[in-house]
Amino acid sequence: GVLAPFLGGLPPAGAASRVEVLRAFWRAVEALRQGAKPDLLLVIDDAHELDAASSEVVAELVSARWTKAAMAAPSGAALPRPLMELWLDDGVERVDLAPLTVEQVRSYLEAALGGPVLPTVPQLLWQESEGNPLLLGRLVEEARRSGALGLHGQTWLVTGDLPHRGEGLLALARAQLGRLGPGEREALSLIVVAEPAPFALVERECGAEAIRRLVAMRLVRPAEGPDGVLRLRHQVYGDALLALIPLTTALALRERVAGHLARQASTGQGLLRAVTWALDCGFPVEDEALLAAARLALGLHENTLAARAA
């Protein structure tokens, strides 16, 4: 699958032969090498999603020293066995990438924007993205497009609420949902609706295996606190995922967690989540709850939600 762009001259019957695939791939590489440096680097993103046949071919290419390879995969994702064996046999080096620091976010922003940023801007965007480069890039794109990140004089600063439902973040959320099975998608939707969601509630409704998979894919944090609650790993995904849940599904999920939501509304975070859902889905909310949510949102600089609730 992943090698298909290099196998244009391979007849269909030859696709079943690993030797024929290797030969066809190498002929394509030799054609690309004409007049270029002899060193070859094969770069593969989302290596955990390689099909079995492609992973075997890649492993053979690396083992035979025909090519060097740089392969990326999310933390906790299970690599195909041939690639795992490469690592276990010391054929490749594993590098775990940590999230960006605030200083690295500042360097990224100044390079991407072409100028200095107000000192509070890197801290804000680091908090929103938790140092995840993919999320950071989307946030910067959306903020520039919406005008929330603007140039004043020679300095870039945040002038409004950072958008959490722009097309870039929605595309990321859709991509994440597309990788999930039905059970995992239901569990994630339930966590989004009920966040912070009790582990026992999600386990009862969707099963422990769905939770384990979401944690392994780094979409959800492991259960934390004395009550074992589940939260999204990146809160910025929350609004985007919320926008992708059909209203009928939202209503059904709401019914299933009604008792939990009533108790959760006594906490600050729970109140904001409950009021956000009510405003989005048209549920009635008492005036006192709306005003309390508006005051809390204002204190957290969530000005758009504060204005909606008020």
Side-chain angles (χ1 to χ4, degrees), residues 45-46 72 74-75 97-179 188 191-192 195 217-221 231-245 268-269 271-273 275-277 279-280 293-310:
D45 199 9
D46 292 324
S75 300
L97 299 179
L100 300 178
T101 64
V102 176
E103 181 59 27
Q104 289 169 332
V105 169
R106 183 193 63 78
S107 298
Y108 168 83
L109 290 173
E110 291 185 346
L113 299 173
V117 295
L118 202 67
T120 55
V121 174
Q123 180 69 36
L124 175 62
L125 285 166
W126 178 81
Q127 289 175 339
E128 288 284 320
S129 66
E130 296 188 5
N132 181 307
L134 191 59
L135 284 177
L136 176 64
R138 294 294 190 277
L139 277 170
V140 171
E141 291 171 8
E142 301 291 353
R144 290 187 69 176
R145 188 176 297 117
S146 69
L149 183 62
L151 184 63
H152 284 251
Q154 301 296 317
T155 305
W156 290 87
L157 66 155
V158 173
T159 59
D161 289 349
L162 294 175
H164 288 173
R165 294 194 180 185
E167 190 51 43
L169 287 173
L170 286 175
L172 277 182
R174 286 192 194 98
Q176 296 286 12
L177 289 175
R179 296 166 55 198
L188 183 64
I191 292 169
V192 171
E195 190 179 19
M217 297 173 74
R218 299 182 68 81
L219 291 174
V220 170
R221 297 182 186 278
R231 291 183 171 88
L232 295 177
R233 180 166 289 276
H234 296 290
Q235 290 301 319
V236 73
Y237 272 141
D239 282 346
L241 289 168
L242 205 60
L244 297 176
I245 299 175
Q269 185 182 11
L271 177 63
L272 289 182
R273 175 67 75 188
V275 168
T276 298
W277 264 89
L279 293 173
D280 285 347
R295 294 189 188 98
L296 181 58
L298 191 63
L300 295 172
H301 305 292
E302 296 186 20
N303 299 331
T304 300
L305 176 56
R308 290 181 69 198

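In this chain, numbering begins with 1 at the start of the sequence shown. In this text the structure is predicted, and so the values were computed from the model without any measurement.
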Minimum heavy-atom distance between Ala293 and Val275, given as atom pair plus value: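 For Ala293 versus Val275, the nearest heavy atoms are CB-CG2, 3.6 Å.
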
Nearest non-hydrogen partners of Ala294 and Ala310, listed with the distance: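 Distance-wise, the nearest heavy atoms are CB-N, 3.9 Å.
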
Euclidean distance, Leu298 CG relative to Asn303 CG, rounded to 0.5 Å: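 With rounding to 0.5 Å, CG (Asn303) is 6.0 Å from CG (Leu298).
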
Review item, side-chain donor-acceptor pairs of residues 109-124, under 3.5 Å, at least two apart:
unit_1 : atom_1 : unit_2 : atom_2 : d
Glu110 : OE1    : Arg106 : NH1    : 2.7
Glu110 : OE2    : Arg106 : NH1    : 3.1

Arg233 vs Asn132, side-chain contact (heavy atoms from CB on, under 4.5 Å): CA-CA, chis, key distance, verdict: CA-CA 11 Å; Arg233 180 166 289 276; Asn132 181 307; over 6 Å; no

Electrostatic pair Arg221-Glu130, nearest N-O below 4.0 angstrom: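 Salt bridge present between Arg221 and Glu130.
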
Chi angles and distances behind the side-chain contact (heavy atoms from CB on, under 4.5 Å) call for Leu149, Arg144: CA-CA 5 Å; Leu149 183 62; Arg144 290 187 69 176; 4.0 Å; yes

Worked verdict on Tyr108 versus Leu125 for side-chain contact (heavy atoms from CB on, under 4.5 Å): CA-CA 11 Å; Tyr108 168 83; Leu125 285 166; over 6 Å; no

